[in-house]
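Letters go in sequence order (proteins before strands), and every chain restarts at 1. In what follows, every heavy atom counts, from backbone to side chain, and hydrogens, waters and symmetry copies are set aside.
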Amino acid sequence: MGVPEQREDFYVTVAIDYPNGDPHVGHAYEKVAADALVRFQRLRGRPTFYLMGNDEHSQNVLRAAKQRGQDPEGYCADMAGVFREAWDVLGVGYDRFMRTNDPRHIAAVQRLVQELHDRGHVYAGTYHGWYCVSCEAFITDKEVNDGLCPVHHRPLERVEEANWFFRLSSFRDAVLEHVRRHPDFIQPEARRHEVESLLRSGLEDVSISRAKTEWGVPLPWDPDQVVYVWFDALTTYLSGVGYGWDEAAFRRHWPADVHLIGKDITRFHCVIWPAMLLAAGLPLPRTVYGHGFLNVRGEKLSKTTGNTVDPVAFARRYGVDAIRYYLLAETPFGQDGNFAPESFAKRYNSDLANDLGNLLSRGVAMLERFREGIVPQPPADSDDGFREAAATTRDQLAGAMEGLRLHEGPAALLSLCARANRYVDRQAPWELARRGESERLDAVLYNVAEVLRILAVGMSPFLVQAPEEIFRQLGLDPGAVRDVGWAGMEWGGLGPGTRVCRGAPLFGRLDPEAVAQDAGSFGGHTPTAVPSASTPAPDPGPTISLEEFRRTELRVATIQAAERVAGADRLLRLQLTLGDGTPRQIVSGIAAHYRPEDLVGRQVVVVANLEPATIRGVRSEGMLLAAKSGKDLRLLGPDGPVEPGAEVR
RNA sequence: GGCGGCGUAGCUCAGUUGGUCAGAGCAUGCGGUUCAUACCCGCAGUGUCGGUGGUUCGAAUCCACCCGCCGCUACCA
């Protein structure tokens, strides 16, 4: 289906980010993971291309710019600098940073939509509905929750306008067919099942343009409209490698080998994106990988509550390699992960300090003490099984990375490291030295040094500083880590006669308690976004008049009966009294939070003059008020008994 | 409600097509060692492999049902 089995160059993309705030550790997780993939492929000697960028044409970003009193162009340029600096600090070596406001990208988007238009996949229609600025998405009537976005719980904007639609529905069969025939197309498997399920249930055409917005890419045939931001954003995967402005480069790179994305945007990448590409006559990417979310201290990452980690501050505090290693080694890739001080300190100490760092420390120390710092010539056939062990590790590393099981890479390397530590204890070079067993001593010291060299090479996709430092302490050219390539994983690469050079501990041990209390690196501290005196207060959002508010009739009601609605998980059917003698029936989505029997007799606040509706075939006359924080939901009511029907002002 | 998945040592998780599959790492306890970053090495565990039935000579591994949790989805006025 137009997907080459394996091309020469390896093209990886990550999600582009909204620059409406500073990069956080969740962003970093994805970027570092992709970086490890790319570094591994480079190690294998494969040409690679790593694309990242910022998603600038969103209302979020426009708003953030206005809040800072900047025009969007200037704001986005500044933020691109902030993001790029963060990736630099984290050692993320991307090949191109494509901003959606880049003229080359804008040209590419226009070319793509024109292509779809020319091929008859776009038609004029009228969009009625809701739009969530935070999601950058149109929300169907079914999804609207009390006038709020189901995801962000923020007020929606009512939109009714003529705009342009993409015939997504006509590509359903083709996309479904592709997903079924290419099991690797969507990974992990759970994501593929979700997408298949979605596709089976059918697709509706989607709006691809918006009117009345000056910020965005104008449609070539209707400049009064701009391209819907998701279409715009997805197109960076094409524009980033030359689509629309460097055809030769584009042919060389496209299709992508891996789109690395968060699991929340699977739908766009596995349904809409393939359909767009099919419609444009372009080949589909080989794999879309939806990685898990990174929680912080066991809780959802949240900027508003400050439950986040600034990856830049963290890297500066504990080292680039510390954060990279923790991100990559701690969590089985694909699952949700957790970023917590305790587990970080534990992982760092046990793997990096005690095992890897200490092996280097003792290895180099022994060479200095017993061999004047010179790597000895080992006797023939004295590798004591390490040649084979190293080959196994190399294969495990390759298997892990090719299979996108990133966390298995460090695990395989640590296993070789542990073997070497064990080996030192069993061979006891200090005993060999005392007994004058010179040949055995030569063999053991060489083997340890050679394992260290191989570990440095193998770790180079994950760590960016330690491998060079290991090379340096082994007396090798630090820059050679990047040049040795896959052959560097072969046993025997270390030349006898090399003079080692003892240095500071590779990874100094951390005090877990101190780490746990280090709010500076673990808090929501974001040095690049320190609000200045000139920063305007955040936009409080549109206001309503007192008159408008008074139109809402809020009253206290007493629940007299409650029962579950058959066939619905979240719905309860409630009978209430407002003290007017007329029982009132309300259907409410609180079944997950309250048991029916616990509700009877309670007093709650209801919207009494809400237009009645029928939910799941059950009449509902009003709505309960409840506070929602995260997953918790608490009904509101008077803090003491009042007469049913009492007005709430 | 539909679809998908998960529930295995204190913690995080491996366990291919049923027969050394009851494991690894971390944590814990005891012992050893001194080249090394109070490191490293050895030993020791504990587990009713969520529950109940069933298929089988034999199931953590297959089937049914149940309990709990998660994801997508529907309902959530």
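Using modelled atom types and a 3.5 Å distance limit, the side chains of A:R297 and A:N338 yield no donor-acceptor pair.
Each salt bridge (Lys or Arg N to Asp or Glu O under 4.0 Å) pair with one or both residues in residues 333-345 of chain A, not counting sequence neighbours, appears once here: A:K263-A:D336.
In this structure, of B:rA14, B:rC41, B:rU73, it is B:rA14 that holds the atom nearest to the side chain of A:Q335.
Rounded to the nearest Å, the gap between the P atom of B:rG47 and that of B:rC6 is 25 Å. B:rU16 sits 25 Å from B:rG53 when the P atoms are compared, rounded to a whole Å. Taking atom C1' in both B:rA22 and B:rG15, the straight-line distance is 9 Å, to the nearest Å. Comparing the same atom, P, in B:rC66 and in B:rG2 gives a spacing of 11 Å after rounding to whole Å. If you take atom C1' in B:rC70 and the same atom in B:rU34, they sit 49 Å apart, rounded to whole Å. Taking atom P in both B:rC39 and B:rA44, the straight-line distance is 23 Å, to the nearest Å. If you take atom C1' in B:rA64 and the same atom in B:rA59, they sit 15 Å apart, rounded to whole Å. Between B:rG45 and B:rA9, the distance separating the two C1' atoms is 9 Å to the nearest Å.
Residue-level contact check: A:R502 touches the backbone only, with heavy atoms under 4.0 Å from sugar-phosphate atoms and none from bases. Across all strands shown, A:V587 has heavy atoms under 4.0 Å from sugar-phosphate atoms exclusively, and none from any base. Using a 4.0 Å heavy-atom distance criterion, A:N358 is classed as a base contact. Contact annotation for A:G357: base contact, defined as any heavy-atom pair under 4.0 Å involving a base atom. Residue A:P505 is classed as a base contact, given a heavy-atom separation below 4.0 Å to a base. Here A:S588 lies in heavy-atom contact (under 4.0 Å) with sugar-phosphate atoms only. At the heavy-atom level, A:L506 lies under 4.0 Å from base atoms of the strands shown. At the heavy-atom level, A:R347 lies nowhere under 4.0 Å from the strands shown.
With hydrogens and angles disregarded, a donor-acceptor distance shorter than 3.5 Å links the side chain of A:R405 to the backbone of A:G399.
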Which protein N or O atoms sit under 3.5 Å from an N or O of nucleotides 26-34 of chain B?
residue: B:rC26; atom: O2'; partner: A:K346; partner atom: NZ; Å: 3.4

When you compare the protein's N or O atoms with those of nucleotides 2-6 of chain B, which come within less than 3.5 Å of each other, and at what distance?
residue: B:rG4; atom: O2'; partner: A:H193; partner atom: ND1; Å: 3.1

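Remark: A:Y326 pairs with A:F339, A:F344 by the ring-ring contact (aromatic ring centres under 6.0 Å, His included) rule, at least two apart or across chains. Residues passing the side chain to side chain donor-acceptor pair (under 3.5 Å) test with A:S438 are A:R371, sequence neighbours excluded.
Ring centroid separation for the pair A:F185 and A:H178 comes in under the 6.0 Å cut-off. Between A:Y423 and A:F386, the ring center distance clears the sub-6.0 Å criterion. Taking the six-membered ring where the residue is Trp, the centroids of A:Y318 and A:Y348 are separated by 6.0 Å or more.
Within 6.0 Å of CD on A:E431 lie more than 12 heavy atoms contributed by other residues, nucleotides or ligands.
For the pair A:N421 and A:I586, both in contact range of RNA chain B, the more 5′-proximal nearest nucleotide belongs to A:N421.
Stem regions for RNA chain B, each three or more consecutive Watson-Crick or G-U pairs with both distances under 3.5 Å and listed by first number, read B:1-7 with B:67-73, B:10-13 with B:23-26, B:28-32 with B:40-44, B:50-54 with B:62-66.
Among all heavy-atom pairs drawn from A:R499 and A:I374, the shortest one is NH2-CD1, 3.6 Å.
Contact check on A:R440 versus A:D384 returns a salt bridge, with a Lys/Arg side-chain nitrogen under 4.0 Å from an Asp/Glu carboxylate oxygen.
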